[in-house]
Amino acid sequence: MKKLISLLMCGAICIGASACSTKTAEEPVYPDSYTPFRFAAYMTPPTPNALNYGNPNYITDLRYAEMAECGFDYGYAIYESVPEHIKAALGYAEKNNIKYYVKDNEITWFITGASQKELPESLKTHIKETMDEYVPYKSFAGIIAADEISKSCFGNAKLVKEYWDSLYPDKEFFINLLPMVASPSQLGTRDYQDHLDSYIAATKTEMLSYDYYPLIGAQDNEKVLGAQHLRNLEIAVNTAKKNKIPLYTFILTMGHMNYRTPDHYDDIAWQIYSSMAYGAKGAQTFTYWTTMDKTDNTITHGLIDQEGNRTPVYDAMKEVIAEVRAMEKYYMQFEYQGTIPYAGNPDLVQNQMSILETPLKSHEALSGFSAENDMLIGTFADKDGRDGFMVTNYCDPCLDKENKIELTFKDASAVLTIYKGKKQMTDLKKGKYSFTLKSGEGVFIIPVK
């Protein structure tokens with residue numbers, strides 16, 4: 001019922017403290033040319049009889065149109081590992097304006113195998129002959145080469161990446177990295193920062209990606225937030241910023257192990273808007289299609305279940321993607337500066353905030369800020385020096401808490417907000433802007449003089 005009420009009300013809510021404004025300040029104008037926020041469907045529609053499950057062939061135009069309808073612009077192959085299936089997926093992806101990462105087992109096996117000093121000629125031949133078949137497809141974005149590798153694999157990854165770049169410099173070479181909760185033996189480095197730095201130094205990667213799922217507790221009485229959620233974001237975004245590459249994060253979209261099933265809007269929105277408050281440029285699903293593993297009884301469902309049916313996660317994801325698409329023209333033209341974590345109860349600061357090492361305490365454009373509950377204020381600047389703020393209700397979505405927030409700007413007569421898919425100019429009184437964010441929600445704010 002709470003979700004229905006939220007959906008019915010969102011179109012009528014005026015987020016500003018002063019009533020919907022008469023737009024006396026001049027609205028900032030941004031060009032239509034920008035890099036879209038990346039939404040990637042990890043685990044695209046599976047091949048026939050995936051994992052000997054006996055399923056039909058889901059690599060069809062209908063299934064890729066369904067992915068596009070949800071709002072995804074990228075897809076990552078998992079079950080498709082032979083040219084026949086990959087070319088079929090590339091064709092349907094192209095028809096539906098989706099960029100597609102191919103998979104190749106021989107490349108993955110080499111990267112994760114014993115350390116080598118050079119790339120075998122046989123693998124060079126295989127890479128060129130195989131990938132040349134995919135180059136004619138406009139949807140061919142690159143390769144998902146490996147996942148969550150240790151530092152012991154970085155040397156092999158470097159060898160493949162260098163050869164890949166010599167052949168396909170405009171195609172991406174993607175490896176998703178481990179989260180900071182991985183053990184030292186998994187990381188293969190003395191600490192997490194060293195893990196990220198070593199990977200970037202070895203591969204000269206054009207992007208940084210990792211997976212950390214903070215929505216823990218499959219049962220109601222077990223629900224908590226992962227303690228390292230914000231710290232992992234902080235380390236990753238600072239590393240990405242230092243190396244001038246975008247940060248992409250994975251979000252939980254499939255219940256498994258002791259992770260929740262994110263069936264509701266706020267479960268998805270909270271994850272995406274929290275990462276955007278730390279400057280993320282894309283969100284990747286774990287998973288789009290539910291894994292076909294029938295032996296794991298902890299798995300619930302992703303956006304599409306094992307039988308090909310849409311689940312509540314599909315609808316929740318579609319709603320959030322539509323909101324971000326309305327926001328991205330502004331958000332993506334700003335550069336991340338830092339994040340102010342705010343504890344609604346200063347006597348009960350969450351672990352996620354207390355272990356941060358580089359939090360902002362203030363911002364020169366703000367004379368004050370407050371909130372009833374926990375919030376994040378991501379701070380940004382555009383190429384002209386204009387400020388932007390990504391404000392997120394950071395309360396655990398399972399609590400379903402609203403958050404009454406007030407920001408006071410030093411030198412602004414109005415704010416441009418992008419909220420729930422709608423843009424609005426609102427006049428300020430003495431620089432104060434008061435608003436309410438429902439559970440999981442976020443708003444991008446641009447103060448205007």
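Quick note: numbers below take in every heavy atom, side chains included, and nothing from hydrogens, waters or symmetry partners.
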Got a second to check how far [X]'s [atom1] is from [Y]'s [atom2], nearest 0.5 Å?
{"X": "Glu234", "Y": "Leu356", "atom1": "CD", "atom2": "CG", "value": "4.5 Å"}
{"X": "Thr203", "Y": "Lys158", "atom1": "OG1", "atom2": "NZ", "value": "10.0 Å"}
{"X": "Ser209", "Y": "Leu247", "atom1": "OG", "atom2": "CG", "value": "7.5 Å"}
{"X": "Arg386", "Y": "Tyr330", "atom1": "CZ", "atom2": "OH", "value": "11.0 Å"}
{"X": "Lys404", "Y": "Phe435", "atom1": "NZ", "atom2": "CZ", "value": "13.5 Å"}
{"X": "Asp296", "Y": "Thr291", "atom1": "CG", "atom2": "OG1", "value": "7.5 Å"}

> Given Phe250 and Tyr42, is the ring-ring contact (aromatic ring centres under 6.0 Å, His included) satisfied, shown in steps?
Replying inline: CA-CA 9 Å; Phe250 269 88; Tyr42 179 93; 5.3 Å; yes
Is any side-chain heavy atom of [X] closer than 4.5 Å to a side-chain heavy atom of [Y]?
{"X": "Ile251", "Y": "Ile272", "value": "yes"}
{"X": "Lys318", "Y": "Glu69", "value": "yes"}
{"X": "Glu148", "Y": "Asn176", "value": "yes"}
{"X": "Thr205", "Y": "Phe173", "value": "no"}
{"X": "Leu376", "Y": "Leu230", "value": "yes"}
{"X": "Ile59", "Y": "Tyr92", "value": "yes"}
{"X": "Met67", "Y": "Thr44", "value": "yes"}

>> Walk me through whether Tyr76 and Gln284 qualify under side chain to side chain donor-acceptor pair (under 3.5 Å).
In response: CA-CA 9 Å; Tyr76 296 171; Gln284 305 153 132; 2.9 Å; yes
> Tyr53 and Lys294: which non-hydrogen atoms are nearest, and at how many Å?
Replying inline: CE1-CE, 2.8 Å
Under 4.0 Å between a Lys/Arg side-chain N and an Asp/Glu carboxylate O for [X] and [Y]?
{"X": "Lys95", "Y": "Asp61", "value": "yes"}
{"X": "Lys103", "Y": "Glu80", "value": "no"}
{"X": "Lys204", "Y": "Glu162", "value": "no"}
{"X": "Lys244", "Y": "Glu206", "value": "no"}
{"X": "Arg260", "Y": "Asp396", "value": "yes"}
{"X": "Lys401", "Y": "Asp266", "value": "no"}
{"X": "Arg38", "Y": "Glu172", "value": "yes"}
{"X": "Lys151", "Y": "Asp197", "value": "no"}

> Is Lys281 close enough and on-axis enough to Tyr331, meaning under 6.0 Å and within 45°, for cation-pi?
Replying inline: yes
> Is Lys99 positioned over the aromatic face of Tyr64, cation under 6.0 angstrom from the ring centre and no more than 45 degrees off axis?
Replying inline: no
> Got a donor-acceptor contact below 3.5 angstrom from the Asp382 side chain to the Gly388 backbone?
Replying inline: no
>> Using a 3.5 Å distance criterion without hydrogens, assess whether the side chain of Asn403 forms a donor-acceptor pair with backbone atoms of Asn373.
In response: yes
According to the interplanar angle, ranging from 0 to 90°, do the rings of [X] and [Y] count as parallel (below 30°), tilted (30 to 60°) or perpendicular (above 60°)?
{"X": "Tyr74", "Y": "Tyr101", "answer": "tilted"}
{"X": "Tyr30", "Y": "Phe334", "answer": "tilted"}
{"X": "His256", "Y": "Tyr213", "answer": "perpendicular"}
{"X": "Phe140", "Y": "Tyr168", "answer": "perpendicular"}
{"X": "Tyr288", "Y": "Phe72", "answer": "perpendicular"}

Can you see whether [X] engages [Y] through a side-chain donor-acceptor pair at a distance of less than 3.5 angstrom?
{"X": "Glu402", "Y": "Ser439", "answer": "no"}
{"X": "Thr339", "Y": "Tyr336", "answer": "yes"}
{"X": "Ser185", "Y": "Ser183", "answer": "yes"}
{"X": "Tyr273", "Y": "Glu323", "answer": "yes"}

Counting the benzene-type ring for Trp, do [X] and [Y] have ring centres under 6.0 Å apart?
{"X": "Phe444", "Y": "Phe389", "result": "no"}
{"X": "Trp270", "Y": "Tyr394", "result": "yes"}
{"X": "His195", "Y": "Phe154", "result": "yes"}

> Given Val415, which of Ile446, Thr426, Val443 fulfils the side chain to side chain contact (heavy atoms under 4.5 Å, CB included) condition?
Replying inline: Thr426
>> I need the single residue from Asn393, Ile340, Val391 that forms a side chain to side chain contact (heavy atoms under 4.5 Å, CB included) with Met375. Which is it?
In response: Val391
> Going through the checks in order, is the side chain to side chain donor-acceptor pair (under 3.5 Å) test met by Ser150 and Gln186?
Replying inline: CA-CA 6 Å; Ser150 173; Gln186 290 173 308; over 6 Å; no
> For Lys383 and Glu335, what are the C-alpha separation, side-chain angles and deciding distance, and is it a salt bridge (charged side-chain N to carboxylate O under 4.0 Å, His left out)?
Replying inline: CA-CA 8 Å; Lys383 62 181 180 60; Glu335 291 299 321; over 6 Å; no
>> I'd like to know whether Gln350 forms a side chain to side chain donor-acceptor pair (under 3.5 Å) with Asp374, so could you lay out the CA-CA distance, the side-chain angles of the two residues, the decisive distance to 0.1 Å, and finally the verdict.
In response: CA-CA 9 Å; Gln350 292 190 47; Asp374 293 346; 2.4 Å; yes
> Can you list the steps and then say if Asp263 with Thr311 is a side chain to side chain donor-acceptor pair (under 3.5 Å)?
Replying inline: CA-CA 8 Å; Asp263 275 331; Thr311 73; 5.1 Å; no
> salt bridge (charged side-chain N to carboxylate O under 4.0 Å, His left out) between Glu441 and Lys438: does it pass, once the steps are laid out?
Replying inline: CA-CA 6 Å; Glu441 290 183 345; Lys438 292 184 173 61; 5.3 Å; no
